[in-house]
Number of protein chains: 2
Amino acid sequence: MTEPTTCDRILDAAEALFAEQGFHPASLRQITQAAGVNLAAVHYHFGSKQALLLAVFRRRLDALNQARLARLEEALAKADGARLEDVLDAFVYPALAFSRGSDADGHRFMQLLMRAFADRDEDLHAAISSEYAFVMRRFADAIAQTLPGRDPELLRRQLDFTVGALTYTMAESSLADTRSIASDLVRFAAAGLRGSGQRAASHDSTVQTGARSTLETSS
Amino acid sequence: MTEPTTCDRILDAAEALFAEQGFHPASLRQITQAAGVNLAAVHYHFGSKQALLLAVFRRRLDALNQARLARLEEALAKADGARLEDVLDAFVYPALAFSRGSDADGHRFMQLLMRAFADRDEDLHAAISSEYAFVMRRFADAIAQTLPGRDPELLRRQLDFTVGALTYTMAESSLADTRSIASDLVRFAAAGLRGSGQRAASHDSTVQTGARSTLETSS
DNA sequence: GTCTATACAATGATAGAC
DNA sequence: GTCTATCATTGTATAGAC
């Protein structure tokens, strides 16, 4: 059992090579050679190259989503209710840490994820979305609770803005401090959410201070 | 002159097929057949499949950037100086209109553009960035003028957030009203920019240790 | 059930004739 | 400039060994 199974060896090699070169450029012959298995093993265990990519995604996204939900639970468990910043941080920080953390492949994997999001392939898109759907709903609900009376349609749109800002930032190659980026993004999104509560209102609404650190809970 | 040149016919066919299927899946044989030219003509006129993609990008981005700059000039020409919202709108609206406008291929092209941004290919990324560099600088300067005293590094980061929100939104398949989306995004970004003028003072990392371990141990 | 060897159609690219 | 012929490599499929 100390020896990794053929399936796992393929998944590991595929993840590294997909992340490094992209989906199409990374060939199955490269992958199977790096994994030390036969070419046909991919189709036996996964069915196709694309199904292999999907399996790679699932393995990683499970971990990311669990980390997000754990942090969200922390925020929601607070006595006086969750703050908007804490909910946003639970969504943003694990992704950024994942993409820039100790794992050197994390960043590349996140770039691969963003590419998959941008990709036109509908099967892949649907599979990833379904993987995300439950988590997104949890966060949308939590955010809606901190912004009572918000138009749900507008809120969904603003959440898309936030996801876009996060995704784009993850794909950036700059390697600035994760905590600093997460903090800036949380404050940007919180101000954006609070500052445009209703449509077509006056532009120069009161500026939110919102300067509290998202970390102050433990200090 | 009524007959399009070989170059143009290749560009038109390539744009349509790249946008429809993605870069790698669209084959040169498909493209050249649709264009009614020989397969080898692509390599003669452009050098490679990727160089062809780049040429397709350049043709479109020139038009988009000109539209943006024209709108920016309008905003800057106002007697009492440009408002932040007007500058943001000059950046956001042409892109959204371009991706959802009368041209049915516009949306698909924007998805292709987002995919290119997410792509790992450094040559392509550098080429697109250089295409954008001048325009981005103009807008960054204009925005900085409406937010005097802002830390330039933070401003750059916040602009990336905005670009990410815009790019992600453009790739969305929903077809809501362009003007409405642009307006929402402008107000979101303006509030995010105004509402987080200075960074959070403390970047201590006490609270994240718990969640980070959760992230790293689960997989 | 697992894994291997091999074959196949299609791809991007190139060289050289016209 | 344009075209034909050709090459190595790709994802995929199948037949057969343990």
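Note on naming: letters A, B, ... go to the chains in the order of the sequence lines (proteins, then strands), and numbering restarts at 1 for each one.
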Nearest-Å distance, [atom1] ([X]) to [atom2] ([N])?
X        : N       : atom1 : atom2 : result
Gln30(B) : dG12(C) : CD    : C1'   : 14 Å
Leu53(B) : dG12(C) : CG    : C1'   : 15 Å
Arg29(A) : dT6(C)  : CZ    : C1'   : 11 Å
Leu28(A) : dC8(C)  : CG    : C1'   : 16 Å

- prompt: Quick one: do Glu85(B) and Arg187(B) make a salt bridge, cutoff under 4.0 Å?
  reply: no
message: Check this for me, if you would: do Glu131(A) and Arg58(A) make a salt bridge, where the nitrogen-to-carboxylate-oxygen distance has to be below 4.0 angstrom?
response: yes
- request: Mind running a 4.0 Å heavy-atom check of residues 34-46 of chain B against DNA chain D and sending the residues that fall below it, in number order?
  value: Asn38(B), Ala40(B), Tyr44(B), His45(B)
From [atom1] ([X]) to [atom2] ([Y]), nearest 0.5 Å:
X         : Y         : atom1 : atom2 : value
Phe188(B) : Ser183(B) : CZ    : OG    : 13.5 Å
Leu113(B) : Tyr132(B) : CG    : OH    : 5.0 Å
Leu69(A)  : Arg71(A)  : CG    : CZ    : 12.5 Å
Asp151(B) : Arg156(B) : CG    : CZ    : 10.5 Å

query: Could you go step by step and tell me if Phe109(B) and Phe57(B) meet the ring-ring contact (aromatic ring centres under 6.0 Å, His included) rule?
result: CA-CA 9 Å; Phe109(B) 173 78; Phe57(B) 275 146; 5.6 Å; yes
statement: Contact span of DNA chain D against chain A, any nucleotide atom under 4.0 Å from a heavy atom, 5' to 3', runs dT10(D) to dT14(D)
message: If the condition is side chain to side chain donor-acceptor pair (under 3.5 Å), which residues does Asp86(B) pass it with, not counting sequence neighbours?
response: Lys78(B), Arg83(B)
